Engineer: 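First, the structure itself, so that you have it in front of you.
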Number of protein chains: 2
Amino acid sequence: MIIALEPSLVQRSPPVAACVDRAQSSDCSNCGARALSVCGTADISDLQRLGELAEVIKLKSGAVLIREGDPAPHVFNITAGSLRVYKLLPDGRRQITGFLFAGDFLGLAISEFYVFSAEAMEASTVCRFRKGPFSALVARSPPLEHMLLHRTSHELAAAQNQMLLLGRKTAIERMASFLLDLPGHDPTRPSAPGHVRLPMKRAEIADYLGLTIETVSRVLTRMKVKGLISTTSPHELIVERPERLRQHAAGEV
Amino acid sequence: MIIALEPSLVQRSPPVAACVDRAQSSDCSNCGARALSVCGTADISDLQRLGELAEVIKLKSGAVLIREGDPAPHVFNITAGSLRVYKLLPDGRRQITGFLFAGDFLGLAISEFYVFSAEAMEASTVCRFRKGPFSALVARSPPLEHMLLHRTSHELAAAQNQMLLLGRKTAIERMASFLLDLPGHDPTRPSAPGHVRLPMKRAEIADYLGLTIETVSRVLTRMKVKGLISTTSPHELIVERPERLRQHAAGEV
DNA sequence: TCGGCGCCTTGATCAAGATCAACGATTCAG
DNA sequence: CTGAATCGTTGATCTTGATCAAGGCGCCGA
């Protein structure tokens, strides 16, 4: 039941400040626009104000951006790279609650303290906002607030799916669901249907699916034996029987 | 792994319409005010408009309000009673993702189809809104939208806690967390500290915690033996060692 | 009052997945 | 290029919680 501690946790990786590379308020119309594009109503003046509030932070791979329990003065928006969000138990058991990518927001929950931790999975960039000014701006910009509500309710729906997975699915069903949720085909190789890249390690998959690394490995092997998938490397696989995989994910025997 | 089907599921309980008791648009400043009170900014004109949009629906205990997969034309607000929200797998395995009470909203996720089911746990009343007019009103009322975002992000935080519970906690830790999340003392008997009412049956606790009814029963017995709790009836218990229970819930050995 | 049905509890056994252990493969620093 | 560390796979065994089974209790209607 004990999960091996990640190096970043054991050696109390450097506090955020050490990873911060304070840049000038860069032009936020890129990331802001990407964020707002969801609902199609980008308001230029809002974006400029967002830009004025933003502080650009660059994170090395593995850097801890947020530590659960710390005071929570900031809200973040990812502009490049990817983060893992997780919660820990005192003995090191870890549950990864999600993977976030460019455009996603973090830390919206109105609480005085962060209720989860977040680390960069690769070299990443985030925009940091003080909560006060950020919420003031949001309060003045209905489209912004609308976009946040839209995104948050989608995240909630995803969380409910994950609860079903964690509470009621078998190991193979969990893995099948996970594989199908990953971006189906590599954007750099759009001509390779069924090719899936597994950018994360086994420990991360395990902690996301509520399993152990051994079970993750065994399930992948079982899937290969069954002909559901084939692998070219530990981090690259091909879905051979998408339909069968979908059935497993849905819990249909 | 197969969960016994609830009667309501087996006998395809009557569609919502059968349970609907269309009332006049009643005065919504009560429920509306309760909902908005969270952020303290109740706008009377918004509430009146809400009232004009609302359709009051009365549900008998066990009635199905929402069935996953059905077209989703409505948003709901609970005004009395309580609902369970859940997802099913084809073979009947059920994961209850939450219990909702007066003031809570349902069906906000912008999707053409409901992504979960919802049933009344007792005789309940909800206000029903067509999504179109409802979102139009919300778009015109920043405080309303703000309130929804606030609530939704809190629900998301709760969902992340539940993911930790389902993915990484032991049976006793799950039950301890659950007992501590319940309203600590009965409002009708405020003088009874540690008294907890368990309004739901074992099957619902089990499906909420990702366990079986037998395990729920055994864990409660173990807790009694350990002196953590004592029971007066299957649906009423007393927390005898809140501190020890809290340690279990937190996963501290 | 009796009988039946849900609901809860308890016991015996089983199995999925965890744990413990060993070893190859890959990566990366020097 | 080389060696250490990390990562992934596989095997043996164990444990937790699921499954199968039986019986008790309480509630409700006749």
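In the text below, chain A, chain B and the rest are named by the order of the sequence lines, each starting its count at 1. Note that the structure is predicted; figures quoted are calculated from it, not measured. What you see below is based on every heavy atom in this structure, not just the backbone, and it leaves out hydrogens, waters and symmetry mates.
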Engineer: A:Leu209 has an atom CG; how far is it from atom C1' of C:dA18, in whole Å?
Structural biologist: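 Those two atoms, CG and C1', are 15 Å apart.
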Engineer: So, is A:Thr212 near the phosphate of C:dG17, with a side-chain N or O under 4.0 Å from OP1 or OP2?
Structural biologist: no
Engineer: Of the listed nucleotides (C:dC8, D:dG17, D:dT9), which one gets closest to any side-chain atom of B:Arg202?
Structural biologist: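 Of the candidates, C:dC8 comes closest.
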Engineer: Give the rounded distance in Å between these two atoms: CG of A:Leu220 and P of D:dT10.
Structural biologist: 10 Å
Engineer: Rounded off to whole Å, could you give me the CZ-to-P distance for the A:Arg168 and C:dG17 pair?
Structural biologist: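 About 13 Å, once rounded to whole Å.
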Engineer: Return the 5'-most residue of the pair A:Arg174, A:Glu214 with respect to DNA chain C, ranking by each residue's nearest nucleotide.
Structural biologist: A:Arg174
Engineer: Before giving the answer on salt bridge (Lys or Arg N to Asp or Glu O under 4.0 Å), spell out for B:Arg246 and B:Glu243 the whole-Å C-alpha distance, their side-chain angles and the decisive distance to 0.1 Å.
Structural biologist: CA-CA 5 Å; B:Arg246 212 163 287 123; B:Glu243 202 35 62; 2.7 Å; yes
Engineer: Please tell me which of the listed nucleotides, C:dA18, D:dT9, D:dA18, lies nearest to the side chain of B:Thr215?
Structural biologist: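 From the listed options, D:dA18 comes nearest.
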Engineer: Taking CE from B:Met175 and C1' from D:dG17, how many angstroms apart are they, rounded to a whole number?
Structural biologist: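 The distance from CE of B:Met175 to C1' of D:dG17 comes to 13 Å, rounded to the nearest Å.
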Engineer: What is the distance from NZ of A:Lys201 to C1' of C:dT27, rounded to the nearest Å?
Structural biologist: 11 Å
Engineer: With a cut-off of less than 4.0 Å, is there a side-chain N or O of A:Ser217 near OP1 or OP2 of D:dG8?
Structural biologist: no
Engineer: Would you say the side-chain atoms of B:Arg168 pair up with the backbone N or O of A:Arg93, donor to acceptor, closer than 3.5 Å?
Structural biologist: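 Side chain of B:Arg168 to backbone of A:Arg93: no pair is present.
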Engineer: Is A:Arg218 side chain donor-acceptor paired with the D:dG8 base, going by distance under 3.5 Å alone?
Structural biologist: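 No, the side chain and the base share no sub-3.5 Å donor-acceptor pair.
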Engineer: Rounded to the nearest 0.5 Å, how far apart are CG of A:Leu106 and CZ of A:Phe116?
Structural biologist: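 Nearest 0.5 Å value for the CG-CZ distance: 5.0 Å.
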Engineer: Using a cut-off of strictly less than 4.0 Å, decide whether A:Thr221 has a side-chain nitrogen or oxygen near OP1 or OP2 of D:dT9.
Structural biologist: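 So the side-chain polar atoms of A:Thr221 never come under 4.0 Å of the phosphate oxygens OP1 or OP2 of D:dT9.
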Engineer: Got more than 12 heavy atoms from elsewhere within 6.0 Å of CZ, B:Arg241?
Structural biologist: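 For B:Arg241, atom CZ is not crowded (no more than 12 foreign heavy atoms under 6.0 Å).
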Engineer: Once you round it to whole Å, what is the distance between P of C:dA21 and CD1 of A:Ile213?
Structural biologist: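 These atoms are roughly 15 Å apart.
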Engineer: Nearest whole Å is fine: how far is C:dG17 C1' from A:Asp207 CG?
Structural biologist: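 These atoms are roughly 15 Å apart.
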Engineer: Take atom CG of A:Leu211 and atom C1' of D:dG8, then tell me their distance rounded to the nearest Å.
Structural biologist: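 These atoms are roughly 16 Å apart.
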Engineer: Counting only side-chain nitrogens and oxygens, does B:His235 get under 4.0 Å of the OP1 or OP2 atom of C:dC7?
Structural biologist: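 Checking C:dC7 against B:His235, no side-chain N or O comes under 4.0 Å of OP1 or OP2.
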Engineer: Closest heavy-atom contact between B:Ala176 and B:His248?
Structural biologist: CB-CB, 3.8 Å
